[in-house]
Each structure stands twice: as C-alpha cells, then as structure tokens.
Amino acid sequence: MVAVASAALLTGLVCAPSATSAASATPRATPDTLQEAFAAAAEEYRVPQSVLLGVAYLESRWDGHRGAPSVTGGYGPMHLTDARTALAETPHHSHGTEDPRGDAARPARPPAAEVPPPGELPPRLRTLDRAARLTGLPADALRRDETANVRGGAALLAATQRELGLPLSRDPADWYGAVAGYSGADDAATAAVFADDVFAVIRAGERRTTEAGERMVLEAVPAVDPQREQLSALDLRVPRRDPRTECPLSVACEWIPAPYQEFGDGDYGNHDKGDRPVSQQVDYIIVHDTEGSWDTAIRLVQDPTYVSWHYTLRSADGHVAQHVPTRDVPWHAGNWYVNAKSVGLEHEGFLAAPDAWYTEAMYRSSARLVRYLAWKYDIPLDRQHILGHDNVPGTLATTIRGMHTDPGPYWDWQHYFTLLGAPFQRTAGRWGGLVTIRPDYASHQPVYTGCGKPGVPCTAHGSGAVRLHTAPSADAPLVKDIGLRPDGGASTTGVNDTGARASTGQRYAVADRAGEWTAVWYLGQKAWFHNPPRRPTAVDARGLVVTPKEGRAEVPVYGRAYPEPAAYPKGVPVQPVSPLPYKLLAGQSYALGLRTQGEYLWATTFDPAGHAVVRGQETYYQIQFGHRVAFVKAADVDVRRSDR
C-alpha cells in the first residue's frame, strides 16, 4: 500500500514538495510501453528505476488490473490507494456455507458485509489523493491509466525521500527509508520486511510477462546494500515480538488471540485446546482467503461465537497476525479430520474478484511462513499436503455441496510454490503415467462466470486451473460431479463450481491421450483437458498410484480417515466411516498422496481433560480423486508405480 508512516508525512504537511518542484516542467512524450513509463517516471522524479520497479513488483507484479482496485483499495501497478472509491466499486463475495468445525457443531455466522469505515479514512488508505496533488494529474487518470499511476508512485517516493531529509540519489541503496514508508505500515517490523523484500527483488532482478502481454524486466543489481538505518527516521512504532507467536524472523508477526471461552449451555468457542504434535501429527497446511478485509477478519476471529484459524495475512504489506497456537485446533477447514491435523492460513482477498489481487508482498510472507511451518512439523512441500480450502473434501454426502471454494482459480499456485522453493517441474517422460497440472498462469485465461452476477462472465484473468471435459474437445460437456449435483446436473463455468476443475500442482493418473488433449482419472470417470505440446497445461510425472484390488469392481471413497469401531474406548461415540457418493472403479488409477492410520479427535468439552485421540489399525491412503482429495482404505486397493 502506498504510504509513509506518520500522518504528517502522509498528508504532505512537512516539507511536501509541489508538483512542479518534484518534477521537471518540461513536457514529455507519452511512453508507448509500461517499461518506458517506469523509465520516464524515474527520470522525471529522480527516483532510481530499480527502486520504482522493485516497489511496483511487490505491490502488483507490474499488473494494472484494468483499473480495478485491490482488496485494500489500491489502484494500478504502484497500488495508489483510494479506499472510499474502491469500497463503492467492489461487491461482497461468498465462497460457501459449510460448518467450518466440520462435524455439525453449530452453524457458522457469515462474515459481516464490508461497509465504509466511519469518519475520515486514514491517510494510508487515500494516498492516491496525495499523488494527485503532487503530480497535478486527475484522480481518475491515476486509477485507470498505468502511465499516470507510475508517475504518481514515483512522485510519492520522491516526496517521502525529501521529507526524510535525504537526497534524490541515483544509488538505490539510499532509498531504503522511502521504500519502507511506501508500505503504509504503522510499525517498523512490517515496514522493514516490505523494504527488505523490495531490495531482494532489486538484487536478484525479475522478468515477467504482464497480464497485458508486455515483457517487463528489472535488471539485477546484486551489489546493492541498502541503508537500513534510515528506518528510524520514519518514527514508526517498534513492536515487541510476542513470545507466543510462531513465525520466522523474516516476517512481521503479531499476536492477536482468538478467544477460548464458555458462553452457556455447555457451548464454547472458538477453537479446541490441543497438544500437537505430541497428541496428533500435523499433516496439512490449508490456504484460505478471507472474503473480507483485514479489519473484518481480525474482528471476526476475536468473536468467541464465530470460528477461528491460526494466522491472518494482510494483503497490503504481508503483515501476519497469529490467533491460535499451532498446537491447538481451530475450526477452519469444514472437515473435522482435516481440522485436527492442519494449520490454517487466511489471506486477505476475494476469490471471485480476480482483480482484487493477492499481492506479491502477501505471497512472499505466506511462503516464508509456510516454509517455517513445514520445517517445524515435517510437512512435505507438495500439493498433497499444502491444500487450498477448495481441496478439502466433504465429510459426508450431505456436506459436499456446502464446502468452501477458496482461494479459487485465481490463486497462483505455481508462483507460490516457486517462492516456497518447490516449483512444479517435469519429472518424467511421456510414459511416466502421471501429469502435474501446470498452465502458464498469465496467459491461461479460461472463462469463468458468476464473479458479479450469476452467469455473467468474469473479467478475463490469468488462472492456475484447467477445465475438464467428457471428450477431447472444447465443445464436449464438462465432466459431472455427482456429489455437487446428485440429480446428475452438469458442471458449469461458475467461479465457485469445482466439479470439473484441476488446479496447478495437483497430480493425476493419465487415462488416455488424443492429439493435443490429455485425459486423467477424475471422480470415477475419464476427464479430458487441452494440453498442447507448444503450450502445455500439464507436465509429465511419475510416482505411486492406487488401483482397486484384483477382483474388485469398485472401491468406496471417503472424506475422512476415521478408525474402525473397535478402536473407540468407552465413553467416546463411534464415528461412522460413511462413504462419499463416488466410486473408484476397476481399471482406474489415482495418484497417491500420503498414508495414514485411522484417527479421530474427540473434543466436545471446554475442559481439554475431556478430550481424547482415538487411533485405530485401519490404514488409509489419501488420493487426488477430483478437485478435492479423498481417502481410500488400504485394504481395498493395491499400490503400484505409475509407469508400470
């Protein structure tokens, strides 16, 4: 978010240069490309081009998003903020109605609708106004025109540099304070993380094709050594690191606890006490989006009658708040088995607002946090263990339709896993037997509908998901999901319809090939997707797959891996192991994700002394069955290599 920390600096009351003093009065030709716009603005406002490009990369990855606002009210490549206009332009979205606790403890109250804050918006949410004053450009031009937007960002950086009493130096190392102030953070730790990320980008360099098809380049400046001592001149709050937070030092993390309290008739909220990993192994990290603002998410997680999750990540600057210790079990996944064995991360954003983008700052903070958690709990960095909320299975046939669909088709899994240090790559030749979904995010733009109104096409946008058909043709019907539509209705292109969708990083067993099309086994059927050699949407892989044991025509599929009845001690009700309405049929194969023993956390009382973990002898395999994972009993299947 474009801002400096103190109100005086933000509003330009301290030594704020005029538009004419900040920029040359000489008329300039309009740049033909965005790259040229950055070069021109850097020259005009005497900001190093690498600094301008680095800040913009952290804010938007150089995308203008067609003038649409981000979730925090920022516009354009430089993320100039005009929250009041953005609130009027962005509708509230929803991504499902499941019970997040997962076993019908009580229905969850939906988040409150977004409303403008009372009174005057804080300066950090209206920096576009200041950019207009500095440049003399109209506000609408700064929102909609990328060249104007870049000029506005350059003017803000230059003004901040002057206000800090620093020269408009050609050396990017001299701009650390101005970059830290641009984050809009009100604390030194968050501002420093943002600035450190910008300078990491400057050191390494970046190249990317934008959504508009332009190839942008930031040449590496490997020797840059920023003057971090400039941070003190911003006069930001210096937070004390709360010892209860579980975060790497490379992210700015604060403790905002979710309440654990009783409120009558044996009811309590909003999570369960635990002792993980002693009591239970943590197998999953679940990626969510908030479907609301940071402020709304923080308010809700502090409500004992609502639900909870472990961490919230802020879009503007990647700031992290932890709410529940990772040893405890929040109610976030809509599947109690997964709740008990996962850590949940909520990211500020909307799945059905493709241009209310997930910022690079948030992606990077999230990746560092996930790497830390994966190290702490020995969780593999793959899409069998790092799941979207939309990959968590329903527990019963009756809960499938209510499962959430976030973070949705616009989350960039390939970029995320590249930041995790585990990018999705080809691991086998054509006969490896598996494929890993991996379209080019920016250029792969399937049509989705329902982002605003039902049936209306969403704005064209990059996506990490491919659409699945019943035959090798774009005109063929989409495959059906009988769990979502028991009446046999067809899947749709709806942005929340996961019935015929495979997502980046997911691995499927190959069922067939025909020309530029590949078929995989999916929900008990053959599902085709376009996979041309010159522009592939998947790469070949090999690994382990499960198939029905010889002589079995079909195998039941489950949404949770609960123990057999004999494993339950007296006083703990036996939980039914009810199959989902799908079948794994003879002749089909599904990629094996992980092996686990049947397990159930009995936790229905406020006092954790009444909790119990039930472990059985039944072994399960997690498989990539559809868009969501599922479980099969080891006794029902054989495991073999995919390339046999």
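In this chain, residues are counted from 1 in sequence order. Computed from a predicted structure; not experimentally measured.
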Would you call [X] and [Y] a salt bridge, taking side-chain N to carboxylate O under 4.0 Å as the test?
{"X": "Arg84", "Y": "Asp129", "result": "no"}
{"X": "Glu360", "Y": "Arg61", "result": "yes"}
{"X": "Arg143", "Y": "Asp82", "result": "yes"}
{"X": "Arg208", "Y": "Asp63", "result": "yes"}
{"X": "Glu219", "Y": "Arg207", "result": "yes"}

(request) Keeping the roles fixed (side chain from Gln506, backbone from His627), state whether a donor-acceptor pair exists under 3.5 Å. (result) yes
Practice item. Over 60° means perpendicular and under 30° means parallel, so classify the ring planes of Tyr416 and Trp413, tilted if in between. Key: perpendicular
TODO: Please determine, by modelled atom types, if Thr405 and His389 share a side-chain donor-acceptor pair under 3.5 angstrom.
DONE: no
Would you tell me whether Thr504 and Arg438 have side-chain atoms, one donor and one acceptor, within less than 3.5 Å of each other? no
ask   = Is the cationic atom of Arg228 (NZ for Lys, CZ for Arg) positioned less than 6.0 Å from the six-membered ring centroid of Phe199 and within 45 degrees of its normal?
value = no
Which of Tyr363, Tyr57, Tyr358 passes ring-ring contact (aromatic ring centres under 6.0 Å, His included) with His415? It is Tyr363
So does Arg241 have more than 12 non-hydrogen atoms from other groups sitting under 6.0 Å from CZ?
yes
Check: Within a reach of under 6.0 Å around CZ of Arg170, are more than 12 heavy atoms found that belong to other residues, nucleotides or ligands?
Finding: no
Heavy-atom nearest pair, Glu254 first then Thr245, reads C-CG2, 3.7 Å
Task: Steps toward ring-ring contact (aromatic ring centres under 6.0 Å, His included) verdict (His323, Trp255) - done: CA-CA 6 Å; His323 313 296; Trp255 178 253; 8.1 Å; no
